[in-house]
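Presented below is the structure to which this report refers.
Excluded from the calculations below are hydrogen atoms, water molecules and symmetry mates; all remaining heavy atoms, backbone and side chain alike, are included. Chain naming here is simple, since letters A, B, ... match the order of the sequence lines and numbering starts at 1 in each.
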Amino acid sequence: MSRSSKVRTKPSPTPIPRVRRPAGAILVRTPASQVPVKQPEKVRPPAPAVPPYRFPARDFKKIRPTATAIPPYRFPAKDFEKVRPLATAVPGTKPATAGVSAAPAGAKYGSADLLRQGGYAQAQGDLAAAKSVFNDARQAAKTEKTTGLEAQAALQYARTIQSLETSQLTKEHVAEAKTAYADAIRLGTPQQRVHAQNDLAILSLRQGDPQQAVAMLRRVDVGALEPGERSLYAYNYGRALELSGNGPEAYQKYTQVLEQNPEFDLASEGAFRLLRDSRPARVGEAARLAEMLLARGQQESAVRELRRALEIWAAEPDAQRLLAVLVRYFVAARIDPRQFRKNEWPALRSLSERGPRLAPAIKQIATAYEGKVPTFVERGSARGFFNAWSPESWKSEPFSRLLKTIGDSYDRAEQPRQALALYSGAWSLDPTNTEAALYVALILRDHAQGLDPGGRLLSRMTESVFEEKGIAYQKQDWLNILRQHVLLATLFEKEGKWGPRGNPRSAIFQWTNALRADDRIRQRDPNFPLSPAIYLHLGECHMRVGDPDLAWNAYAKASYAFLKSSKPEDAAAALERARSLAKFMTPQQLETVRTLENAIARARRASG
Amino acid sequence: MACFLFALAGAHGAAQEPQAVFVSFTFRVPDFVTNPGPVLAGSLAPPKRAAMEAQVGASLARILAARLPYWSFQPGRADALPRLSIWVEKGRPNWEVRMALVSLRGEVSEAWRGTLYSPGDLERFEGLPAPGTWPDSIQAVFDESLLEEHQKQTILSVLQETIPLGLEVAPVGPLPPPDPLKARSVLPLNWDKHCRLAKSEFRVVYRWAAEGEVTLHSVGIVAHFPYKPGNPTFEGIAVKHNKWEFGESMESIDRHLKDLRDLTPVSFYLKRFVKPNELPGPCSAVDVPPMVAP
């Protein structure tokens with residue numbers, strides 16, 4: 001159904017005058033007029049002498065929000081009496097007796113207005129009045145011969161009945177509701193029809209007849225549903241299947257909902273409820289589902305279900321799969337040592353005591369958070385220390401990322417020794433963790449004096465990272481590979497280790513490989529910002545190892561890249577270095593210099 | 001004066017809108033603008049700097065409005081309150097975009113962080129990249145790193161705790177309500193724009209005659225109702241009051257129906273956002289949504 005044909009019961013979009021804010025209700029502007037930020041009594045003056053608002057039934061006449069020409073609806077007392085089986089007379093439902101004199105004699109109320117008034121009565125919790133008004137709306141729509149509105153009124157009428165507490169839902173009510181739903185199905189648009197079918201199925205569930213609900217939901221034309229409603233319908237179907245004892249199909253429906261709409265918490269609860277009831281325990285499936293929710297940003301539901309699952313499955317052989325997903329959460333939430341001690345450790349310790357299978361893995365998480373970790377120089381050497389988290393990649397990959405995250409906390413707290421140990425552990429456990437290797441290089445660059453005075457550690461690390469071709473490149477994390485080469489290059493430059501080319505412990509090796517990584521990134525992302533400094537430093541390296549031709553090329557490229565990066569002064573400086581090699585220049589190179597000079601002059605003029 | 005009028009407009013315009021939260025951006029690290037690298041060519045003159053700060057602040061306010069669509073985020077000066085103050089800082093080991101909520105009491109929480117430049121990044125540019133690239137870089141980092149899902153949840157909970165959505169609330173139906181089911185109010189949040197809040201939980205703070213402050217823990221019932229009853233100008237969001245909190249004690253609303261008429265609204269806060277899964281489309285198209293299985 002198109003949206004234009006959908007029944008509207010809202011007020012027309014007449015321009016709305018702004019509500020005048022009463023004295024004392026001040027919003028922010030300057031520090032002197034703050035929002036009440038948890039100190040409302042200080043900000044808001046003492047309550048003005050305005051009596052609490054009362055909203056008796058007679059005020060119904062005032063609530064028409066727009067200036068349409070329809071007079072306020074008068075609840076006809078006799079009609080109300082006639083259709084008032086739900087409850088005894090409720091205050092607020094007798095406005096007719098309150099003298100709604102504004103209604104001109106003989107005024108007709110359209111079904112759309114009645115639908116809106118019914119909605120208001122429902123919002124007030126006045127189901128008796130709502131039922132009465134919706135019934136009037138049905139009659140009015142019938143008179144108007146507007147089947148869409150008649151179906152809508154029937155739907156609202158049935159829903160109002162269904163809103164009753166179960167104890168109040170008599171057989172007569174159920175019969176009335178079913179008749180109204182049948183009318184909606186018969187008269188309604190495709191969308192109204194599926195709404196009525198859906199709600200009728202819910203009525204069956206409330207009556208304890210899930211089979212009937214399943215049968216009804218099977219008939220639903222899913223294509224008639226709005227995209228946003230499909231998850232709801234699929235959830236309802238899943239719930240009906242679950243209650244009728246068809247767990248496998250129900251689980252399928254719930255996971256289908258979560259794939260489309262991971263925020264649908266009822267579906268996630270349903271799916272995990274079925275998993276917890278499954279025999280034998282489906283630990284792996286629970287871990288997979290929790291990981292999917294975590295990856296889709298649903299940390300709250302993922303962690304809640306993980307904790308529940310760990311509680312009941314701590315002794316299962318593959319319970320560590322759940323713990324591995326919890327470790328991923330620690331990484332995503334950047335849980336630092338203080339938060340771990342305060343919020344996570346008590347539950348994990350208790351879990352460890354009850355499930356000895358998990359004890360070693362939990363102990364090693366705690367050890368990492370305490371920072372009691374040695375520095376690992378060799379690739380793989382951390383596997384012995386963290387043996388509960390290796391060698392399988394589903395263990396080592398998340399744990400390596402956890403070590404890196406904890407390392408960040410120690411680095412930020414200016415404890416570089418612990419940071420280095422954790423970063424090196426992260427890299428050693430999972431050599432494809434290029435980010436960890438990058439931070440090892442960073443710590444070694446910034447704290448070489450204290451942590452690695454002889455440079456032995458740096459040498460071993462550098463060799464280990466690059467000794468077996470491809471290890472560092474397996475994950476193709478080119479950005480971190482690029483950063484790592486750049487850091488190492490600047491480090492070796494500082495130490496005056498310019499060459500030779502094939503030696504990983506040389507600046508020229510690192511800058512050359514930085515350029516390769518830069519190219520790989522640019523192949524994937526042509527908009528990746530240019531890296532002029534790589535060329536600039538390569539030029540210096542080429543000069544140092546006695547290759548002026550290559551140096552000239554590198555300086556010229558640096559100049560061009562600076563120019564493209566809107567840094568004309570840097571471009572000029574790089575070009576000046578190229579020009580300093582004038583005695584080696586060919587006529588073609590001289591032409592290049594002139595072109596660059598002109599471009600730099602233009603860029604300078606443009607930037608003022 | 002301009003600032004005053006601007007804030008005033010925000011305040012009056014908020015009648016159907018949630019509370020305004022101002023957003024300011026500053027290059028708080030002097031080096032970032034004046035001396036970022038050894039071969040620097042990117043310093044900004046003060047007027048350009050101010051213009052860029054305003055430009056970035058406005059774009060970050062738009063991002064916040066899209067990611068946390070419960071308050072009215074507006075660009076504001078660095079002294080407007082309450083505000084989300086955003087700046088650039090050289091952390092260890094990264095350059096970071098940071099954000100803190102500032103209220104009357106000062107910074108409400110620790111700063112939240114997003115990585116702007118990692119180790120090795122600035123060495124590629126021989127200092128900072130050209131100033132023209134900063135706004136885009138800062139916006140991208142703000143959206144993807146500072147507001148990544150977990151941190152976004154943390155920010156949301158601090159805002160929920162601290163910044164009210166609004167000040168006024170009006171009762172729906174007679175007072176005192178005849179039964180607990182009818183203990184309801186309407187919030188001055190325009191349904192057509194904010195129906196996403198229709199199922200959420202709220203803390204509604206009242207002054208209780210001479211007794212003190214009372215909080216009613218309330219929940220949206222996915223229904224709209226004219227606001228303000230008696231003088232309606234738009235459709236607000238209807239809520240049902242469930243719990244009465246006075247002092248440390250939390251009681252069912254059943255025991256305080258008669259007290260409801262002695263309450264004067266002070267403010268209301270978002271307690272927990274609950275996505276109304278069943279709302280099929282834009283707010284304006286919502287009638288009564290289909291039902292959810294028990």
Side-chain angles (χ1 to χ4, degrees), chain A residues 3 6 9 16-19 25 27-29 31 34-37 40 44 47 52-56 59 62-63 65 90-92 120 123-125 156 159 195 198-199 202 205 226 228-229 231-232 236 239 263-264 297 299 332-333 411-412 442 483 486-487 490 529 531 533 565-567 569-570, chain B residues 4 7-8 11 14-15 19-20 39 41 81-82 92-93 103-104 118-120 123-126 129-130 132 149-150 162 164 167-168 170-175 178 181-182 184 205 207 223 225-226 229-230 232-234 238 261 263-264 266-267 275 277-278 280-281 285 287-288 290-291 293-294:
Chain A
R3 197 166 292 293
K6 190 175 169 105
T9 59
I16 296 167
R18 283 183 175 161
V19 172
L27 284 181
V28 287
R29 57 178 74 99
Q34 291 304 305
V35 146
V37 181
R44 193 182 170 87
Y53 180 76
R54 289 163 193 276
F55 185 42
D59 280 355
K62 297 177 183 172
I63 62 176
V90 177
Y120 294 158
Q124 287 181 294
Q156 304 281 69
R159 281 171 173 170
H195 282 186
N198 175 78
D199 293 0
I202 305 304
L205 287 180
E226 295 276 338
E229 295 173 328
S231 294
L232 174 74
N236 285 343
R239 182 69 179 137
E263 291 174 56
F264 204 125
Q299 295 186 358
D411 189 26
R412 215 170 277 131
L442 177 76
R483 288 166 172 161
V486 168
L487 277 189
T490 54
S531 308
S565 306
S566 305
K567 296 175 90 171
E569 300 309 322
D570 290 342
Chain B
F4 171 78
L8 195 66
Q19 171 63 51
V39 195
L81 291 171
R92 168 71 204 175
S103 75
L104 267 177
S118 290
E123 287 85 345
R124 287 197 301 121
F125 310 119
E126 201 74 352
E149 193 56 35
H150 180 79
T162 316
L167 306 177
E168 300 174 313
V172 165
L175 280 177
L181 278 176
K182 295 190 178 70
R184 299 180 183 203
V205 181
R207 177 165 297 283
F225 199 79
T233 53
F234 61 92
R261 62 185 163 191
L263 301 182
T264 306
V266 172
S267 54
K275 188 182 175 194
N277 289 303
E278 64 271 33
D287 295 317
V288 176
M291 291 181 159

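Closest approach of B:Glu149 to A:Gly297, counting heavy atoms only: CG-O, 3.0 Å. Looking at every heavy atom in both residues, B:His150 comes nearest to A:Ala332 through CB-O, 3.8 Å. Residues B:Glu126 and A:Lys567 approach most closely at O-NZ, 4.0 Å, considering heavy atoms. Shown here for B:Gly120 and A:Leu487, the closest heavy-atom pair between the two residues is N-CD2, 4.0 Å. Residues A:Val486 and B:Glu123 come closest through the heavy atom pair CG1-CB, 3.4 Å. Contact record, B:Lys182 with A:Gln124: CG-O, 3.6 Å, taken as the closest heavy-atom pair.
Considering only heavy atoms from C-beta on, A:Pro529 comes within 4.5 Å of B:Phe125 through its side chain.
In this structure, the portion of A:Arg239 lying under 4.5 Å from any heavy atom of chain B is its side chain and not its backbone. At a 4.5 Å heavy-atom cutoff, the contact between A:Asn198 and chain B is made by side-chain atoms alone. Of the atoms belonging to A:Thr490, it is side-chain heavy atoms, and not backbone ones, that fall under 4.5 Å from chain B.
Checking side-chain atoms of B:Arg184 against main-chain N and O of A:Ala123 turns up a donor-acceptor pair under 3.5 Å.
Of the listed residues B:Ala223, B:Gly132, B:Ser118, the one with more heavy-atom pairs under 4.5 angstrom with chain A than any other is B:Ser118.
B:Arg124 contributes atom CZ, which lies 7.5 Å from atom CZ of A:Arg483 (distance to the nearest 0.5 angstrom).
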